[in-house]
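Encoded as structure tokens, the structure appears first; notes follow it.
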Amino acid sequence: MFFRRPRDWELKESQITPEKTYLNRRQILAAAGIGVGSIGASQLLPKMGHAQESDPSATLYPVANNPSFTAGEGRTMTPEDISTTYTNYYEFGSSKNIWRKAQNLPIRPWTLVLDGMVEQEQTLDIDALLAEAPLEERIYRHRCVEAWSMVVPWSGFPLAWLVNKARPLSSAKYLRIETFENKKVATGQKQTWYPWPYVEGVTIEEAANDLPFVVTGMYGKPLPKQNGAPLRLALPWKYGFKSIKGIVRISFTDQKPVSFWEEINASEYGFWANVNPEIPHKRWSQATERDIGTDKRIPTQIFNGYGEQVAHLYKDIKGSRLWS
Ligand code: MTE
């Protein structure tokens with residue numbers, strides 16, 4: 001993971017739609033029957049490989065906004081053209097500029113396997129899952145361990161809903177989550193020194209919390225491929241590498257999963273990876289972050305500001321590295 005260099009296509013702060021304006025316009029347009037995707041920064045710059053053109057789930061969006069989740073004090077929504085072109089997806093290369101390459105990923109048919117310690121293994125078709133899931137929009141802050149951040153209106157459903165659907169056995173303690181493998185199009189996967197497939201994990205208690213979100217859309221439209229279509233996680237109180245993209249399998253297990261980055265370098269990337277401004281990463285101070293929408297450096301908050309929802313999950317965990 002590398003530091004980001006500013007790009008000349010980035011918008012100036014004066015061009016950014018503040019959240020309040022975004023929401024007001026959104027409400028007006030929703031009332032008029034026009035999707036949110038037609039507003040804001042997407043008007044300012046050309047289309048950047050958004051998945052909706054060929055995506056059969058396009059008609060599902062926009063979904064109702066859940067007002068419990070907001071950008072937070074002093075934060076503004078990151079313009080769509082920035083958050084969809086500045087992405088981390090090592091399957092397509094180690095630069096941030098992989099959005100064109102990601103368009104080669106076929107996302108239909110796509111299945112999600114729920115297996116391991118469950119009552120019965122299930123293979124779910126993505127469109128059947130989307131038709132059944134309680135889709136809503138949530139605005140979340142995203143904080144990468146490389147010390148950049150963004151604010152995104154994700155669409156999707158609570159991970160807790162999916163856990164319930166999986167019917168795990170009481171002996172299951174963790175979710176081991178796996179990304180697709182497709183070396184032909186995801187040429188980064190030809191780099192054999194990486195431990196493909198990308199894997200992440202959370203505890204059953206974390207997954208049962210309301211905050212973990214299975215993301216299927218963004219800015220009122222289907223999720224672009226470069227942001228993890230058709231399924232990714234958003235774990236906004238943890239460093240961004242935990243928010244795994246292109247999910248094909250969730251296995252319930254009593255063994256703590258070893259994540260992709262942990263396997264590469266366990267001293268730098270741990271299992272918990274909760275955001276903490278006071279615990280520096282070996283290569284990056286975590287005290288502040290650069291908002292990629294405004295280009296401003298701002299103080300980082302413990303649990304990325306979500307402590308009220310999640311801090312209790314960790315109060316009895318002793319002798320374990322809870323941060324980075
Ligand atoms: N998931 C997979 N499968 N492969 C990746 O390389 N990168 C992670 C995470 N999920 C990554 C992944 C990292 S380091 C971050 S910061 C976020 O995705 C970035 O999400 P974004 O590109 O949508 O901003």
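When a ligand or atom number is given, it counts from 1 through the structure's own listing order.
Residue-ligand proximity: Ser243 is placed with a non-hydrogen atom under 4.0 Å from ligand 1. The shortest heavy-atom distance from Glu200 to ligand 1 is not under 4.0 Å. Within the 4.0 Å heavy-atom shell around ligand 1 one finds Met150. Put simply, no part of Trp196 is less than 4.0 Å from ligand 1, judged by heavy atoms.
If you number the atoms of ligand 1 from 1 as listed, the ones under 4.0 Å from a heavy atom of Thr87 come out as 22 (O). The Gly240 neighbourhood of ligand 1 comprises atoms 8 (C), 9 (C), 13 (C), 15 (C), 16 (S), 17 (C), 18 (O), with distances under 4.0 Å to a heavy atom of that residue. For ligand 1, the atoms lying closer than 4.0 Å to a non-hydrogen atom of Tyr198 are 1 (N), 2 (C), 3 (N), 4 (N), 5 (C), 6 (O), 7 (N), 8 (C), 11 (C), 12 (C). Atoms of ligand 1 found under 4.0 Å from any heavy atom of Cys144 (numbered from 1 in listed order, with element): 16 (S). Close approach of ligand 1 to Tyr89 is summarised as follows: ligand atoms under 4.0 Å from at least one heavy atom of the residue are 2 (C), 3 (N), 4 (N), 5 (C), 6 (O). If you number the atoms of ligand 1 from 1 as listed, the ones under 4.0 Å from a heavy atom of Glu91 come out as 2 (C), 3 (N), 4 (N), 5 (C), 6 (O). Atoms of ligand 1 found under 4.0 Å from any heavy atom of Ile244 (numbered from 1 in listed order, with element): 1 (N), 10 (N). Taking a cut-off of under 4.0 Å to the non-hydrogen atoms of Trp148, the atoms of ligand 1 that pass are 16 (S), 24 (O).
Contacts between Thr179 and ligand 1, counted as non-hydrogen atom pairs separated by less than 4.0 Å, involve the side chain only. The proximity of Phe241 to ligand 1, defined as any non-hydrogen pair under 4.0 Å, involves the side chain as well as the backbone. With a 4.0 Å cut-off on non-hydrogen atoms, Trp99 does not touch ligand 1 at all. Under 4.0 angstrom from ligand 1, there are no non-hydrogen atoms of Glu146.
In terms of N/O distances under 3.5 Å, ligand 1 is not approached by Trp261. Residue Asn227 places at least one N or O, backbone or side chain, under 3.5 Å from an N or O of ligand 1.
Ion pairing of Glu80 with Lys221 is present here, as a side-chain N (NZ or NE/NH1/NH2) and a carboxylate O approach within less than 4.0 Å. Salt-bridge check for Lys96 with Glu146: passed, with a basic side-chain N closer than 4.0 Å to an acidic carboxylate O. For Glu289 and Arg297, the salt-bridge test fails: no basic side-chain N is under 4.0 Å from an acidic carboxylate O. One finds a salt bridge joining Asp210 and Arg138 here, because a Lys/Arg side-chain nitrogen approaches an Asp/Glu carboxylate oxygen to under 4.0 Å.
The backbone N or O of Arg141 sits less than 3.5 Å from a side-chain atom of Tyr306, completing a donor-acceptor pair. Using modelled atom types, one side-chain atom of Trp196 and one backbone atom of Gln191 make a donor-acceptor pair closer than 3.5 Å. Listed for the His142 side chain is no donor-acceptor partner under 3.5 Å among the backbone atoms of Gly240.
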Subject >> Verdict with supporting geometry, Tyr219 and Ser83, side-chain hydrogen bond (donor to acceptor under 3.5 Å, both in side chains) >> reply: CA-CA 10 Å; Tyr219 298 91; Ser83 52; 2.7 Å; yes
